[in-house]
Number of protein chains: 2
Amino acid sequence: MKWNDLQTEACPVARGLSVIGDRWTMLVLRDCFLGVRRFEQMQERLGITRHVLADRLRKLEANGVLRRERYQERPPRHEYRLTERGKALYPVLVSVIEWANAHVPPTGAPSVTLVSRETGEPILPVLIDMNTGKEITYRTVTALGSD
Amino acid sequence: MKWNDLQTEACPVARGLSVIGDRWTMLVLRDCFLGVRRFEQMQERLGITRHVLADRLRKLEANGVLRRERYQERPPRHEYRLTERGKALYPVLVSVIEWANAHVPPTGAPSVTLVSRETGEPILPVLIDMNTGKEITYRTVTALGSD
DNA sequence: AGTAGTAAGTTCCTTTTCAGAACCTGTCAA
DNA sequence: TTGACAGGTTCTGAAAAGGAACTTACTACT
């Protein structure tokens with residue numbers, strides 16, 4: 001099976017990863033959430049090759065995660081911004097951050113954490129089921145549907 | 001920059017993705033959460049090549065996400081199980097599922113959703129900050145540390 | 001007029017990774 | 001002795017990624 005065939009699968013994990021499971025893609029989106037909008041800045045910050053970055057931005061735009069906006073004419077220049085669909089990925093990013101900080105300790109370098117804009121206090125992310133108010137773990141939940 | 005250099009970065013997104021951001025890796029973990037433990041089953045379910053599956057399982061074991069347990073001697077046979085570190089990835093998986101079901105609609109095929117084991121009702125996952133009790137969005141939270 | 005700088009890519013070439021299939025090893029059962 | 005099973009390894013060709021240089025359409029400086 002090829003990677004691109006995943007888009008049509010019934011499993012939502014496969015469908016989701018067909019969009020964001022690519023090498024570099026989530027790192028590009030991290031920069032987008034940090035407010036980086038331009039090709040040159042992303043390329044320099046990420047250390048990704050220009051070729052791959054152009055490809056990822058194209059695919060993210062095609063999938064409706066980013067949109068390409070012209071910010072000047074002559075010469076034409078564009079910047080990339082998160083769409084609503086892109087912004088909806090924030091929980092995925094936060095979950096990765098939380099997991100990495102707890103389980104993939106940085107080697108020497110200081111860690112980056114998330115803090116509340118309001119209080120400045122570190123945040124403690126937990127997945128809650130809004131219907132029951134309880135925490136979601138692999139024990140309390142099961143998959144339903146044709147898999 | 002090479003992909004493997006990400007492990008030593010200060011950014012937790014980069015460190016996390018150096019472990020789980022690889023092609024196929026999260027799909028292997030999906031199967032683990034579904035209770036699949038053996039090489040043959042994973043290979044058949046995923047449609048991944050045996051070579052790549054062996055590689056991913058090796059890396060996941062090296063990173064402490066899975067552990068390899070012998071379940072019979074002569075001939076030696078092993079199965080793969082999630083460690084605590086692996087189980088801690090459940091929120092990442094759930095976030096991907098939630099996003100995909102909302103934003104990457106299946107083409108024709110019926111969707112797979114998560115339900116509460118207790119009530120059988122569909123769950124509605126939301127990321128909450130345990131300190132404030134409020135929902136976490138890209139507006140309410142900001143990164144702190146050297147990035 | 002000529003030179004340098006900027007932004008967003010594209011092109012070319014090499015190296016790495018992946019897909020697909022076949023093969024290997026040790027054991028049991030027919 | 002042949003076949004099946006489980007968990008891999010080995011091989012070859014195709015696809016993707018890395019690295020560096022080049023392109024285009026401007027603006028600003030000398």
Side-chain angles (χ1 to χ4, degrees), chain A residues 1-9 14 17-29 31-32 35-63 66-82, chain B residues 1-9 14 17-28 31-32 35-63 66-81:
Chain A
M1 182 195 284
K2 291 267 183 73
W3 180 255
N4 289 45
D5 299 343
L6 292 177
Q7 289 161 41
T8 60
E9 295 239 337
L17 292 175
S18 76
V19 178
I20 58 163
D22 224 330
R23 244 165 174 153
W24 294 113
T25 297
M26 281 305 289
L27 286 172
V28 171
L29 291 175
D31 270 15
C32 291
V36 178
R37 300 198 175 117
R38 304 216 176 152
F39 190 93
E40 291 290 321
Q41 288 172 62
M42 288 185 194
Q43 197 271 321
E44 192 178 1
R45 287 173 48 90
L46 293 172
I48 188 178
T49 63
R50 308 175 71 78
H51 185 91
V52 174
L53 177 56
D55 177 77
R56 293 299 179 274
L57 290 170
R58 241 193 316 268
K59 285 181 181 165
L60 285 170
E61 193 200 356
N63 284 312
L66 298 180
R67 71 168 177 279
R68 197 158 167 264
E69 270 189 15
R70 180 161 295 190
Y71 68 88
Q72 74 172 32
E73 314 278 334
R74 285 195 310 280
R77 292 284 179 268
H78 326 92
E79 58 185 19
Y80 296 89
R81 288 161 171 268
L82 289 164
Chain B
M1 182 196 283
K2 291 266 183 74
W3 178 256
N4 289 47
D5 299 344
L6 292 177
Q7 289 161 42
T8 59
E9 294 241 336
L17 293 175
S18 75
V19 177
I20 58 164
D22 226 329
R23 245 165 173 152
W24 295 112
T25 297
M26 282 304 289
L27 286 171
V28 171
D31 271 14
C32 292
V36 179
R37 300 198 175 117
R38 305 217 175 149
F39 189 93
E40 291 290 321
Q41 288 171 62
M42 289 186 194
Q43 197 271 320
E44 191 178 359
R45 287 174 47 90
L46 293 172
I48 187 178
T49 62
R50 308 174 72 78
H51 186 92
V52 173
L53 177 57
D55 177 76
R56 294 298 180 275
L57 290 170
R58 242 193 315 268
K59 284 180 181 165
L60 285 170
E61 193 199 355
N63 283 311
L66 298 180
R67 72 167 178 280
R68 197 157 168 265
E69 270 188 14
R70 179 161 298 192
Y71 68 89
Q72 76 172 32
E73 316 276 336
R74 285 193 311 281
R77 291 285 179 269
H78 327 91
E79 58 186 18
Y80 296 88
R81 287 162 171 267

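In what follows, every chain begins at residue 1, and chains take the letters A, B, ... in the order their sequences are listed.
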Subject >> DNA chain D: 5'-proximal contact among A:Pro75 and B:Arg23 (nearest heavy atom) >> reply: B:Arg23

Original post:
Does B:Arg37 or A:Thr49 map to a spot on DNA chain D nearer the 5' end, using the closest nucleotide for each?
Top reply: B:Arg37

Can you measure [X] atom [atom1] to [N] atom [atom2] for me and round it to whole angstrom units?
| X | N | atom1 | atom2 | answer |
| --- | --- | --- | --- | --- |
| A:Trp3 | C:dT17 | CH2 | P | 16 Å |
| B:Glu79 | D:dC5 | CD | P | 19 Å |
| B:Ile48 | D:dG8 | CD1 | C1' | 14 Å |
| B:Arg45 | D:dA6 | CZ | C1' | 18 Å |
| A:Leu53 | D:dA16 | CG | C1' | 15 Å |
| A:Asp22 | C:dT17 | CG | P | 15 Å |
| B:Phe39 | C:dC24 | CZ | C1' | 13 Å |
| B:Arg77 | D:dG8 | CZ | P | 8 Å |

What nucleotide, of [options], holds the atom closest to the side chain of [X]?
| X | options | answer |
| --- | --- | --- |
| A:Arg58 | C:dG26, C:dT10, D:dG8 | C:dT10 |
| A:Ala54 | C:dA8, C:dT27, C:dG9 | C:dG9 |
| B:Val52 | D:dG7, C:dA19, D:dA17 | C:dA19 |
| B:Tyr80 | D:dG7, D:dA17, D:dG8 | D:dG8 |

Counting any heavy atom closer than 4.0 Å, what does [X] reach on the DNA or RNA strands: base, sugar-phosphate only, or nothing?
| X | value |
| --- | --- |
| B:Arg50 | base |
| A:His78 | sugar-phosphate |
| A:Arg70 | nothing |

**OP:** Run through B:Arg37, B:Glu69, B:Arg68, B:Arg67 and flag the one making a side chain to side chain donor-acceptor pair (under 3.5 Å) with B:Tyr80.
**Re:** B:Arg68

Would you list the atom pairs, donor with acceptor, under 3.5 Å between side chains in residues 54-62 of chain A and any protein atom, with sequence neighbours excluded?
from, atom 1, to, atom 2, distance (Å)
A:Asp55, OD2, A:Lys59, NZ, 3.3
A:Arg56, NE, A:Arg23, O, 2.9
A:Arg56, NH2, A:Arg23, O, 3.4

**OP:** Could you tell me whether B:Glu44 atom CD has more than 12 heavy atoms of other residues or ligands within 6.0 Å of it?
**Re:** no

**OP:** Might you confirm whether atom CZ of A:Arg74 has over 12 heavy atoms from other residues, nucleotides or ligands at distances under 6.0 Å?
**Re:** no

Subject >> Contiguous Watson-Crick or G-U pair runs (3 or more, under 3.5 Å) in DNA chain C >> reply: C:1-30 with D:1-30

**OP:** Supply the atom-to-atom distance A:Leu53 CG to A:Arg50 CZ, rounded to the nearest 0.5 angstrom.
**Re:** 8.0 Å

**OP:** With DNA chain C as reference, determine whether A:Tyr71 or B:His51 sits nearer its 5' end, using the nearest nucleotide of each.
**Re:** A:Tyr71

